[in-house]
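Only one structure is covered here, and it is reproduced in the block below.
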2 protein chains.
Amino acid sequence: MSREDILDAAAKIIGENGYHATSMRDIAEAVQLQKGSLYHHVSSKQDILFELLEQALNLLITHLEKVADQNLAPEQKIRQAMRAYLEILTTNIELSSVLLLEHRSLKPEYQTAHITRRDDFESIWREIIQEGIDAGQFKTTDPAQVTRTLLGTLNWTITWFNPNGPLSPAEIADQSANVFLNGLLTCNE
Amino acid sequence: MSREDILDAAAKIIGENGYHATSMRDIAEAVQLQKGSLYHHVSSKQDILFELLEQALNLLITHLEKVADQNLAPEQKIRQAMRAYLEILTTNIELSSVLLLEHRSLKPEYQTAHITRRDDFESIWREIIQEGIDAGQFKTTDPAQVTRTLLGTLNWTITWFNPNGPLSPAEIADQSANVFLNGLLTCNE
DNA sequence: ATTCACCTACCAAACGGTCGGTAGGGAGAT
DNA sequence: ATCTCCCTACCGACCGTTTGGTAGGTGAAT
């Protein structure tokens, strides 16, 4: 039994039921250990949560940076980024749920470290949008607000996404991208 | 002390900290009662949660229906609906947070009743979108998916909205509406 | 006399976390 | 070869506290 096994199990249970609805016993049972034995691998319940948030952010940041560093036209870059983001969100849906829904259960001592990393993540998106503005292709004056609008749609996906549903993550991303880039209205110029 | 006072206080605390992080003692203290006295007004903690979810949905549904029943062009109707929705979400931010983030803490016995009402709510949005499609003004083939995309952005607002921030709820709604209707790309026809 | 709103005291269960103990395995010395 | 020593991984009992919920009683209003 490794620390990673425990964190994986914890991600699944906490992602499904929430941090406060999950007990150390629940986690221990999932890895077939006694509750006390968990503390040989982790130092506290908060420690588990913090680690999961880090893992989730690192996963997203590394994959997003790969897209951001590519030499692509703004429209294509944002399409790729949305695809990559949704792909990771949905294939790691429990871990992602922890990141997006449970970060408020972090105690103040852990919060500051997490928030810094979270800003790193959001600034990747902001920069992608900014590139589009600088290139004269995106018509907005508030990239931060557009980022929030965009991330809202993508993040909310985890609350309704069904892996057995009719749409694949890539298809969902593409449909969202179409709306965001071209709008809902028919262009009658 | 009325049942309503207790529910209001509960909405505030649960909305801020989450259902499982809130104890009946916390709620009792907020209304300056002893914990045991709460049970004169409510039958259980789950009862409180269920009631709050009902309240939130009723609030949103009545206000949204008012907009939906108006005789407006699809574009204007969706702009109005987004405004009204965000206005209520932000002025009742704790109650809204309970609805959007804590419904998964409802035990199965309560869930079915809630889900039915929730579908009522979402169908109002779907119909507004459908009107736009029928009028030939919205270019999409999947109104349900567009609804989810739209609601994602609006719902996610409560996770970052700051009443002292630079943007009012109406401004946020308008900016989002602009993106959704016209897209981010400059129309070079 | 009854009802209402509330209090105090209590319960069993569950919580996160600690602790002493131990089985097993590998390394070093004899 | 065997004995010693330590380390890792785990058990299971236990700690103090908190949890949601119950029961019996009290005092004021009707």
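Just so we're on the same page: letters track the sequence lines, and every chain starts at 1.
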Please determine, by modelled atom types, if B:D134 and B:Q130 share a side-chain donor-acceptor pair under 3.5 angstrom. yes

Can you measure A:D5 atom CG to D:dA9 atom P for me and round it to whole angstrom units? 12 Å

Are OP1 or OP2 of D:dC10 and a side-chain N or O of A:Q34 less than 4.0 angstrom apart? no

Rounded to the nearest angstrom, tell me the gap between atom CG in B:L33 and atom C1' in C:dC7. 10 Å

Mind telling me whether A:W156 and B:W156 have parallel, tilted or perpendicular rings, with 30° and 60° as the class edges? perpendicular

Can you tell which of D:dA9, C:dC6, D:dC11 lies closest to the side chain of A:H41? D:dA9

Atom pair distance, as rounded to whole Å: CD in B:Q32 and P in C:dA5: 18 Å

Any B:S37 side-chain nitrogen or oxygen under 4.0 Å from OP1 or OP2 of C:dA5: no

So, do B:Y85 and B:F121 have ring centers that fall under 6.0 Å from each other? yes

Just how far, in rounded Å, is C1' of D:dC11 from CD of A:E29? 15 Å

Between C:dC19 (C1') and A:L38 (CG): distance, integer Å: 16 Å

Please collect all ring-ring contact (aromatic ring centres under 6.0 Å, His included) contacts where either partner lies in residues 24-62 of chain B, sequence neighbours excluded, each pair once. B:F50-B:Y110

Can you check the B:H40 NE2 to D:dG21 P distance for me, whole Å? 17 Å

Modelled atom types, side-chain donor and acceptor of B:E4 and B:Q55, under 3.5 Å: yes

Have B:T116 and B:D119 got a donor and an acceptor in their side chains that come within less than 3.5 Å? no

Base, backbone or nothing for each nucleotide of nucleotides 11-17 of chain C, written B, S, -, heavy atoms under 4.0 angstrom, 5' to 3'? ----SBB

